[in-house]
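Counting starts at 1 for both ligands and their atoms, following the listed order. Quick note: residue numbers are just sequence positions, from 1.
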Amino acid sequence: MMGVLEGVLMELKDCAPLLKDIIATDKEKVTFKHLDMAFFVGSMPRREGMEGKDLLKANVKIFKSQVSALGKYAKNSVKVIVVGNPANTSCPTVIKSAPSIPKESFCCFSHLDHNQAMAQIALKLGVTSKDIKNVILCRNHSYTQYPDINHAKGKYEGKEVGVYEALKDDRWLKGEFIMTVQQHGATLIMARKLSNEVSAVKAIGDHIRVLWLEPQWQYVCMGVMSDGKSYAVPEDLLYSFAVAIKNQSWEIVEGPD
Ligand SMILES: NC(=O)c1ccc[n+]([C@@H]2O[C@H](COP(=O)([O-])OP(=O)(O)OC[C@H]3O[C@@H](n4cnc5c(N)ncnc54)[C@H](O)[C@@H]3O)[C@@H](O)[C@H]2O)c1
Ligand SMILES: O=C(O)CC[C@H](O)C(=O)O
């Protein structure tokens, strides 16, 4: 596998102007030492005809072994993002496998769903995603997720207006839009015969920027352990909420403006 890694290294060097150094290794002790952020992405993707549960056994085994090494070698302040699927279901198991790391430091990656939902609205309005804000991706990273646009706003014809008001198409927003977002991953696999890549990498970059560099981004979606006090979601259930970011940490937002 080190040969393959050499190829990945070459690509990383080609696309990272701010890159200072890379350590390529297959040793857990070296990989996880002094880490600030860990993305659990090395795992099986779903192929056409497979269901999320088909990945569970294989991927949870990979995550469990890696995260216990993470607990052993990484800083206690490390932030862990579970990307590999089924991301929601795996995340609590991952958390339990590294008890030395606070459970608030873990999240399941739902930034891609958030980007997808914003893109659907932007395309329908004829603007770009950067003109849309406050779309909340609720519940989880699967077909039962729910894009909440009650607080969403768009810059439309020079004004900032609520998405319902701008689109004037409640039927689409309450029907086709929700279904398109919920089934986006599966539809893409059917079309491409492979799961998403470019959009996932872009969303991972967005997630890092929000968490690490741009805390002024107030309403962003992450799958986190519920505190039992918000939106009647039971405590310790992994759930995608709108969160506010402060000091590289998150807080569940109750009803964004
Ligand atoms: N949450 C999300 O929004 C989201 C988005 C995209 C992909 N995913 C998930 O991320 C995962 C990876 O997807 P992909 O398209 O990159 O898959 P891929 O098959 O292209 O890459 C998976 C990589 O994992 C590596 N790997 C396999 N077993 C490993 C192990 N035991 N230890 C370390 N690495 C191992 C493989 O060598 C391969 O390089 C999948 O589970 C996919 O469903 C999630
Ligand atoms: O398996 C799916 O339905 C989607 C896979 C995709 O990589 C994603 O996580 O969005």
Side-chain angles (χ1 to χ4, degrees), residues 1-12 23-32 35 37-70 80-94 97 106-120 135 137-147 179-208 210-211 220-224 238-240:
M1 287 307 279
M2 287 306 283
V4 175
L5 211 49
E6 285 302 321
V8 176
L9 271 188
M10 287 166 67
E11 277 215 83
L12 282 176
I23 301 169
T25 178
D26 56 0
K27 308 275 177 302
E28 285 180 336
K29 186 174 176 177
V30 181
T31 306
F32 294 125
L35 218 56
M37 280 185 118
F39 286 83
F40 282 77
V41 72
S43 49
M44 254 168 66
R46 203 162 66 92
R47 309 255 166 194
E48 207 178 345
M50 286 170 83
E51 291 181 34
K53 65 176 189 251
D54 296 325
L55 303 180
L56 195 58
K57 210 167 156 201
N59 289 350
V60 164
K61 197 167 149 209
I62 299 175
F63 298 146
K64 269 175 115 169
S65 129
Q66 290 185 349
V67 86
S68 56
L70 186 80
V80 188
I81 297 97
V82 179
V83 179
N85 280 315
N88 262 80
T89 324
S90 313
C91 197
T93 313
V94 167
S97 304
F106 292 82
C107 78
C108 144
F109 181 64
S110 49
H111 208 107
L112 177 57
D113 310 290
H114 171 84
N115 283 358
Q116 282 164 356
M118 290 205 302
Q120 291 299 323
V135 172
L137 212 293
C138 305
R139 293 188 193 150
N140 59 26
H141 177 66
S142 85
Y143 63 91
T144 56
Q145 63 181 257
Y146 182 79
M179 263 176 51
T180 305
V181 175
Q182 289 174 335
Q183 293 173 9
H184 194 79
T187 312
L188 199 143
I189 290 174
M190 277 208 305
R192 223 172 78 88
K193 314 291 175 222
L194 284 172
S195 120
N196 46 32
E197 279 174 17
V198 178
S199 56
V201 172
K202 157 79 169 64
I204 289 175
D206 292 344
H207 183 109
I208 299 176
V210 171
L211 192 57
V220 52
C221 303
M222 285 186 195
V224 295
L238 206 290
Y239 193 96
S240 180

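Contacts with ligand 1 closer than 4.0 Å are made by heavy atoms of both the backbone and the side chain of N85. With a 4.0 Å heavy-atom cut-off, ligand 1 is reached by no atom of L194. When heavy-atom distances to ligand 1 are checked against a 4.0 Å cut-off, A200 comes that close only through its side chain, counted from C-beta outward. Residue-level proximity to ligand 1 for E197 is absent, since no heavy atom of it falls below 4.0 angstrom.
Nearest approach of A24 to M2, heavy atoms of both residues: O-CE, 3.7 Å. L137 and C221 get closest at one heavy-atom pair: N-SG, 3.1 Å. Shortest non-hydrogen contact noted between F63 and G84 is CZ-CA, 3.7 Å. In this structure, S199 and L112 approach most closely via the heavy-atom pair O-CD1, 3.5 Å. Looking at every heavy atom in both residues, L56 comes nearest to S90 through CD1-OG, 4.4 Å.
H207 and F109 have tilted rings, their planes meeting at an angle from 30° to 60° on a 0 to 90° scale.
In the vicinity of Q66, heavy-atom distances shorter than 4.0 Å reach the ligand 1 atoms 32 (N), 33 (C). Under a 4.0 Å criterion applied to the non-hydrogen atoms of V41, ligand 1 contributes the atoms 11 (C), 12 (C). Near S195, the atoms of ligand 2 lying under 4.0 angstrom from a non-hydrogen atom of the residue are 6 (C), 7 (O). Atoms of ligand 2 lying under 4.0 Å from any heavy atom of N196, numbered from 1 in the order shown and given with element: 6 (C), 7 (O), 8 (C), 10 (O). Close contacts between ligand 1 and N59 involve ligand atoms 41 (O) [criterion: under 4.0 Å to a heavy atom]. Ligand-side atoms of ligand 2 in range of I189: 1 (O), 2 (C), range being under 4.0 angstrom from any heavy atom. Near L112, meaning under 4.0 Å from one of its heavy atoms, ligand 1 places the atoms 3 (O), 5 (C). The distance from ligand 1 to the heavy atoms of F109 drops below 4.0 Å at these ligand atoms: 1 (N), 2 (C), 3 (O). Atoms of ligand 1 found under 4.0 Å from any heavy atom of M44 (numbered from 1 in listed order, with element): 40 (C), 41 (O). Shown in contact with L112 at under 4.0 Å from a heavy atom are these atoms of ligand 2, numbered in order with element: 10 (O).
Nearest to atom 4 (C) of ligand 2 among the protein's heavy atoms is G185 CA, 3.8 Å. When only non-hydrogen protein atoms are considered, atom 26 (N) of ligand 1 lies nearest to G42 C, 4.0 Å. Given atom 5 (C) of ligand 2, the protein heavy atom at minimum distance is N85 ND2, 3.7 Å. Scanning all protein heavy atoms for the shortest distance to atom 37 (O) of ligand 1 gives M1 CE, 3.6 Å. Given atom 8 (C) of ligand 2, the protein heavy atom at minimum distance is H141 NE2, 3.4 Å. In terms of protein heavy atoms, atom 3 (O) of ligand 2 is closest to R46 NH2, 2.8 Å. Taking atom 2 (C) of ligand 1 as the reference point, the nearest protein heavy-atom neighbour is H141 NE2, 3.2 Å. N196 OD1, 3.1 Å is the protein heavy atom nearest to atom 6 (C) of ligand 1. Of the protein's heavy atoms, P45 CG, 3.4 Å lies nearest to atom 17 (O) of ligand 1.
Put simply, the side chain of K193 gets close to the backbone of M190: a donor and an acceptor are under 3.5 Å apart. With Q145 contributing its side chain and Q182 its backbone, the two residues share no donor-acceptor pair below 3.5 Å. Remark: side-chain polar atoms of S43 are paired, donor with acceptor, to backbone N or O of V41 under 3.5 angstrom. No donor-acceptor pair under 3.5 Å is formed between the side chain of R139 and the backbone N or O of Y146. Between the side chain of S97 and the backbone N or O of T93 there is at least one donor-acceptor pair closer than 3.5 Å.
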task = Go through H114 and S240 one step at a time and tell me if the side-chain contact (heavy atoms from CB on, under 4.5 Å) criterion holds.
result = CA-CA 10 Å; H114 171 84; S240 180; over 6 Å; no
task = Apply the test side-chain contact (heavy atoms from CB on, under 4.5 Å) to residues F39 and I208: give CA-CA distance (whole Å), side-chain angles for both, the deciding distance (0.1 Å), then the verdict.
result = CA-CA 10 Å; F39 286 83; I208 299 176; 3.3 Å; yes
CA sep, side-chain torsions, deciding dist, call: H111, L211, side-chain contact (heavy atoms from CB on, under 4.5 Å) = CA-CA 11 Å; H111 208 107; L211 192 57; over 6 Å; no
ask   = Which is it for R47 and L194 under the side-chain contact (heavy atoms from CB on, under 4.5 Å) test, yes or no, and what are the steps along the way?
value = CA-CA 6 Å; R47 309 255 166 194; L194 284 172; 2.8 Å; yes
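In terms of polar-atom proximity, defined here as any N/O pair under 3.5 Å, S43 does make such a contact with ligand 1.
When the heavy-atom distances from atom 4 (C) of ligand 1 to D113, V83, I62 are ranked, the shortest goes to V83.
Counting protein heavy atoms under 4.0 angstrom from atom 9 (C) of ligand 1 gives one or more. Counting only heavy atoms, the protein never gets under 4.0 Å from atom 39 (O) of ligand 1.
Taking the side chain as every heavy atom from C-beta outward, S65 and E28 approach each other to under 4.5 Å.
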